[in-house]
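The chains referred to below are lettered A, B, ... by the order of the sequence lines, with proteins before strands, and numbering in each begins at 1.
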There are 2 protein chains.
Amino acid sequence: MQPEEIGQTIATAILERRLIPGRRLNELELSRLLGVSRSMIRFALVGLHHDGLVTFEANRGAFVAKPTLAEANFLFEAIAAIERSAVDIILAAPRPPSLDGLRGVHRKQVKAHAKDNMRLSEQLAIDFHHELLALTGNPLLIDAQRKLLLRYRIVTGVFKTELDYCELEDHHGELIALLESGSAARLRRLVDTHWRLVIRGHISVNPGIEDLAEALRL
Amino acid sequence: MQPEEIGQTIATAILERRLIPGRRLNELELSRLLGVSRSMIRFALVGLHHDGLVTFEANRGAFVAKPTLAEANFLFEAIAAIERSAVDIILAAPRPPSLDGLRGVHRKQVKAHAKDNMRLSEQLAIDFHHELLALTGNPLLIDAQRKLLLRYRIVTGVFKTELDYCELEDHHGELIALLESGSAARLRRLVDTHWRLVIRGHISVNPGIEDLAEALRL
DNA sequence: GGACATTTGTTCGTATGTATC
DNA sequence: AGATACATACGAACAAATGTC
């Protein structure tokens with residue numbers, strides 16, 4: 001197992017919800033299972049921590065990140081913010097970019113949805129957003145969005161209830177059309193509408209009160 | 001020396017340009033100087049790598065990141081993108097935020113500039129941008145901008161020539177005024193203008209040709 | 001082209017402190 | 001309160017890669 005793969009293996013397990021939020025990540029256990037030393041495991045876990053997939057508690061170790069609903073809302077807001085500015089950049093480019101990548105992913109997604117392959121459809125929906133940022137050609141923005149979308153996948157596992165996939169797909173189609181016609185203001189609104197719809201598909205779980213004194217009304 | 005401080009110590013040395021881009025960071029040397037084990041140094045360096053301050057070359061070790069001019073431009077574009085959307089979020093808040101923090105930093109900066117304390121003035125200019133993002137209240141966006149501004153400070157060390165500090169300060173003042181009056185479109189334009197002015201203050205060094213075959217015209 | 005010194009990448013054993021039962 | 005389990009940190013060690021003479 002290569003050092004690079006270690007993080008990937010754990011990340012995949014988290015994103016595919018085999019490791020659920022709050023789950024403890026025992027370093028010794030991981031090192032035995034993956035056949036590498038504890039140092040390498042720590043190395044990987046720190047990397048995942050930087051991507052927001054893992055949290056550390058002092059002297060307690062690593063856990064799969066357990067987003068609160070408040071964090072989830074910040075997440076949606078942040079992704080929408082980056083994508084809103086991204087469409088500005090795409091439209092401001094000296095020559096219009098090829099939208100073939102977006103069209104291809106979108107077409108595949110519609111097809112997957114038609115076949116009721118929701119798992120694939122969801123993955124392609126995320127790929128669509130990656131394709132969108134790729135059009136900016138700005139590696140820093142691409143990376144910022146990549147990290148946020150990673151966390152998005154954790155959040156959906158915790159809070160998602162029911163998304164209106166038809167409408168979300170329509171948005172993607174509209175977005176392609178608007179990128180062609182080049183109306184910046186409408187694009188920004190569309191991106192906002194899109195993510196607001198995603199937010200609405202996430203239930204408002206009662207998170208309880210973390211602070212004990214507060215919970216007991218002291 | 002606490003583990004947390006290690007990264008800070010190295011980061012500060014980089015940001016204050018005591019360690020210049022391209023400078024090699026020898027693990028053994030660092031561990032001896034800072035009085036911690038090589039493991040801790042490695043963790044610190046990896047952390048700095050995630051923040052874009054340090055690059056790794058396989059089997060050659062860590063170096064202070066040496067941004068190219070192309071990367072610098074991406075950096076400016078990315079910061080502008082985040083701040084453009086940030087002002088949207090600030091204006092869309094249910095109740096207008098207190099601009100006292102921005103005003104305080106701005107006042108200090110004008111004062112420092114008047115006293116010709118450029119070092120302090122530059123730091124306060126960066127603080128101003130941190131204050132701006134703080135108004136969004138979104139920790140994810142705040143963190144994204146924080147990382148980009150870290151790299152900005154390296155870039156200025158390499159490429160900065162002459163900035164029109166008077167005009168840049170005026171922009172900050174204008175920004176406060178526009179946040180009060182609440183005109184989103186003009187704010188977005190201002191943020192863009194601001195960073196475009198910053199870009200113009202950075203010289204266009206001939207970056208050479210990275211690809212050897214191309215450089216030799218093969 | 002080869003031998004050598006240096007440094008990284010990685011692992012292991014161990015000591016220490018801290019949380020949990 | 002005591003025992004146990006675990007994370008944290010250190011130092012020593014080794015192979016592999018690199019740069020140098």
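Annotation: A:Glu162, atom CD; neighbour count of heavy atoms from other residues, nucleotides and ligands within 6.0 Å does not exceed 12. Within a 6.0 Å radius of NZ in B:Lys66, other residues, nucleotides and ligands contribute 12 heavy atoms or fewer.
The pair B:Lys160-B:Glu122 meets the salt-bridge criterion, since a charged nitrogen lies less than 4.0 angstrom from a carboxylate oxygen. Ion pair A:Arg38/A:Glu27 not flagged as a salt bridge, since none of the NZ, NE, NH1 or NH2 atoms sits closer than 4.0 Å to an Asp/Glu carboxylate oxygen. One finds a salt bridge joining B:Asp192 and B:Arg196 here, because a Lys/Arg side-chain nitrogen approaches an Asp/Glu carboxylate oxygen to under 4.0 Å.
Judged by distance alone, the side chains of B:Asn73 and B:Glu77 never bring a donor and an acceptor atom under 3.5 Å apart.
Nucleotides of DNA chain D that come within less than 4.0 Å of any heavy atom of chain A span, from the 5' end to the 3' end, D:dC6 to D:dT8.
Between A:Met40 atom CE and C:dT8 atom P there is a gap of 14 Å when expressed in whole angstrom units. Rounded to whole angstrom, the span from the CD1 atom of A:Ile41 across to the C1' atom of C:dT10 amounts to 13 Å.
Listed here is the closest heavy atom pair of A:Phe74 and B:Leu140: C-CD1, 3.7 Å. Closest heavy-atom contact between A:Ala81 and B:Ser85: O-OG, 2.6 Å. Among all heavy-atom pairs drawn from B:Ala72 and B:Val155, the shortest one is CB-CG1, 3.6 Å.
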Discussion item. Under the criterion side chain to side chain donor-acceptor pair (under 3.5 Å), I'd like the reasoning laid out for B:Thr156 against B:Arg17: C-alpha separation, chi angles, the key distance, then a yes or no.
Written reply: CA-CA 10 Å; B:Thr156 56; B:Arg17 292 159 213 164; 3.0 Å; yes
Response to the item:
Scoring nucleotides 15-21 of chain C by protein non-hydrogen atoms under 4.0 Å (B base, S sugar-phosphate only, - none) yields ---SSS-
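Listed in residue order, the members of residues 21-32 of chain A having a heavy atom less than 4.0 Å from DNA chain C come to none.
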